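Here is the structure we will look at.
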Amino acid sequence: MAINVSNLEGKEITDDFVRKATPTGRWGYTWSVFKASFLKLILLNIFILISFAPGIAVIMFRNIYVGDILGGAYQFNTSIIHVPVGNITGLTEMLILSADLRFYSLLIVAGFIASLGISGATYCIRKILLTNGQFSIKNFFHGIKVGYFNTLLPVTLFMVMFFMSKIVGDWKNVEYAIGGNKAGAMTAYVFAIIATVLMGIYCAWLYAVGTNYRVKFTQLFKNSFVMLIGTPLQTVFMAAFALIPVWFFLLGGLMQTLSYIMFIFIGFIFVILSWISYSQWAFDLFITPNLKAAQEDLNSKKTPKQLQEEKAEADRQTARALLAAGKSELASKPVMPIEGKCGVARTAVTFRRDDIALADTNREKLKENIANYEKEHINDPVYVEYNKMFQDREKALQDEPKKGKKKKKISSDNLLK
């Protein structure tokens, strides 16, 4: 099926930055940004961890309730000898099903809070990736403002499907315990898992499209589906790669401990960064970013004072570039004149080791003579005046106007005159 998501062009959510083309390949660039912005990413991971705290608490209380409270009340521990009263076949499974109905429904609600951290961090990561590391704390809260509902939608859909598959799995265990329809229960459980996995991948694209572009509700679902079926193998591979911290957790033992450490410091951000970087790569394949429209949209939201300050800074940058290009290394320091005899012995067509050694000795002596000449003449008026001229121009770029005095306009037109 042909990819057709042209209606996304020019609608990218870049409220306080303009998207720039990556200077290198997408994955190499992401790795360089990851290393350069590592501390920023750890800070974002802590913000996400805080938003996930209610969901983590729900899981912990669920495990305590099932393992301790129910285990103590109904003596599920097989090491304890007790006399059962009546037929309690399947009682354990039924109680777990009842507990999961309660706690996993609360987990859906906890997703409302987790979406705050995910949406805020997503905007920050997009800005870091698209502006080579620029980031501020207020970007996190701005990301919540512009991306919360488009994050909440896929999170809620996936949590509902996860809740369904968990309850179907508990029901399967009940059927197995009481000797019910095992084949039907297992079939339902397998289909529930497959549906949850497929919905999870689709929700990942809902999240990617919704947090990157301003689109209508129907277009959000359509474009996400088109991106999914247009890149099926890449999507499955990258989804598996992004979930590496989760795979570590499922392996148990030492790897589970490593997973805990990862999630505390960088695990959440690793998942989001991997998926956002991949989705940006996919968008670049099929969508031409309208950078001019994005710049005009960004400028329309700025005050005249902000635009004037940006223009002044742009002139200042241009002036610095001209200043750097105008200064000549040959004119700024003494250069020993070339004399008739340069002091380096020439070798004949045929030569010996002694001739090579002599040439090396003369070459080192010549370097020493050049350094001594520069040291002797560096304070000559011609070099002092030339360097002072450029120092004054550089100082003019750095000095801030004193309070009460009118700021002198500095531009590429008047700086180098």
Side-chain angles (χ1 to χ4, degrees), residues 48-74 76-77 88 90-119 148-178 180-182 184-204 206-207 239-240 242-243 245-252 256 259-260 262-264 267-268 271-272 275:
I48 300 177
L49 183 61
I50 293 173
S51 69
F52 270 71
I56 296 173
V58 168
I59 295 297
M60 290 178 61
F61 279 117
R62 182 264 178 195
N63 293 337
I64 293 173
Y65 183 80
V66 172
D68 293 340
I69 299 178
L70 294 181
Y74 295 97
F76 294 143
N77 191 334
I88 61 170
L91 178 60
T92 303
E93 291 76 12
M94 292 179 185
L95 290 172
I96 292 176
L97 172 60
S98 176
D100 286 349
L101 280 169
R102 183 185 312 165
F103 283 102
Y104 280 95
S105 60
L106 289 176
L107 198 61
I108 297 176
V109 179
F112 288 34
I113 302 175
S115 297
L116 293 171
I118 296 173
S119 59
Y148 175 70
F149 289 104
N150 283 345
T151 303
L152 178 62
L153 174 63
V155 169
T156 303
L157 286 176
F158 175 72
M159 291 309 300
V160 169
M161 291 298 297
F162 180 75
F163 170 78
M164 179 200 71
S165 65
K166 181 61 180 175
I167 298 306
V168 171
D170 289 344
W171 169 70
K172 173 188 70 71
N173 293 335
V174 172
E175 290 293 311
Y176 270 58
I178 64 176
N181 186 358
K182 296 181 180 180
M186 178 56 73
T187 302
Y189 184 51
V190 170
F191 275 102
I193 292 177
I194 294 174
T196 302
V197 172
L198 293 177
M199 179 58 73
I201 297 175
Y202 179 62
C203 286
L206 274 177
Y207 155 74
L243 293 175
V246 178
W247 304 137
F248 284 178
F249 176 81
L250 296 177
L251 289 175
Q256 190 174 77
S259 175
Y260 287 139
M262 289 183 65
F263 275 114
I264 291 174
F268 294 107
V271 175
I272 297 176
W275 185 254

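Throughout, numbering of the chain's residues begins at 1 and tracks the sequence. No experiment lies behind these values; they were computed from the predicted model shown.
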Checklist entry - In Å, rounded to the nearest 0.5 Å, how long is the span from CD1 of I48 to OG of S119? => result 9.5 Å
Checklist entry - Could you give the distance from NZ (K166) to CD1 (I193), rounded to the nearest 0.5 Å? => result 10.0 Å
Next on the checklist: Strictly by side chain to side chain donor-acceptor pair (under 3.5 Å), give each pair with a member in residues 99-111 just once, sequence neighbours left out.
Outcome noted: R62-D100
Next on the checklist: Once rounded to the nearest 0.5 Å, what's the spacing between atom CD1 of I56 and atom CZ of F263?
Outcome noted: 9.0 Å
Checklist entry - Would the Y260 and F249 ring centres measure less than 6.0 Å apart? => result yes
Item to check | Side chain to side chain, L251 and Q256, heavy atoms closer than 4.5 Å | outcome: no
Next on the checklist: Is it the case that atom OH in Y148 sees more than 12 heavy atoms from other parts of the structure closer than 6.0 Å?
Outcome noted: yes
Item to check | Minimum heavy-atom distance between P245 and G267, given as atom pair plus value | outcome: CG-O, 4.1 Å
Checklist entry - Ignoring hydrogens and geometry, is there a side-chain-to-backbone donor-acceptor pair from W247 to A240 under 3.5 Å? => result yes
Next on the checklist: Under a 3.5 Å distance rule, please check whether W275 uses its side chain to pair with a backbone N or O of A239 as donor and acceptor.
Outcome noted: no
Item to check | All salt bridge (Lys or Arg N to Asp or Glu O under 4.0 Å) counterparts of D170, not counting sequence neighbours | outcome: none
Considering only distance and modelled atom types, tabulate donor-acceptor pairs under 3.5 Å from the side chains of residues 150-157, sequence neighbours left out.
from : atom 1 : to   : atom 2 : distance (Å)
N150 : ND2    : G210 : O      : 2.8
T151 : OG1    : G147 : O      : 2.7
T156 : OG1    : L152 : O      : 2.8

Checklist entry - If you measure from CZ on F52 to CD1 on I118, what distance do you get to the nearest 0.5 Å? => result 4.0 Å
Checklist entry - Taking the six-membered ring for Trp, are Y65 and F103 parallel (under 30°), tilted (30 to 60°) or perpendicular (over 60°)? => result tilted
Checklist entry - Think K172 forms a cation-pi with Y176, using NZ or CZ under 6.0 Å from the six-ring centre and within 45 degrees of its axis? => result yes
Item to check | I96 CD1 to L91 CG distance, which is reported to the nearest 0.5 Å | outcome: 10.0 Å
Checklist entry - Looking only at atom types and distance, does a side-chain atom of S165 sit under 3.5 Å from a main-chain N or O of T196, one as donor and one as acceptor? => result no
Next on the checklist: Given 3.5 Å as the limit, does a donor-acceptor pair link the side chain of E175 with the main chain of N181, or not?
Outcome noted: yes
Next on the checklist: To check you understand the geometry: which heavy-atom pair defines the closest contact between W171 and L97, and what is its length?
Outcome noted: N-CD1, 4.4 Å
Checklist entry - From F158 CZ over to C203 SG, what is the distance, rounded to the nearest 0.5 angstrom? => result 7.5 Å
Item to check | M186 CE: over 12 foreign heavy atoms closer than 6.0 Å | outcome: yes
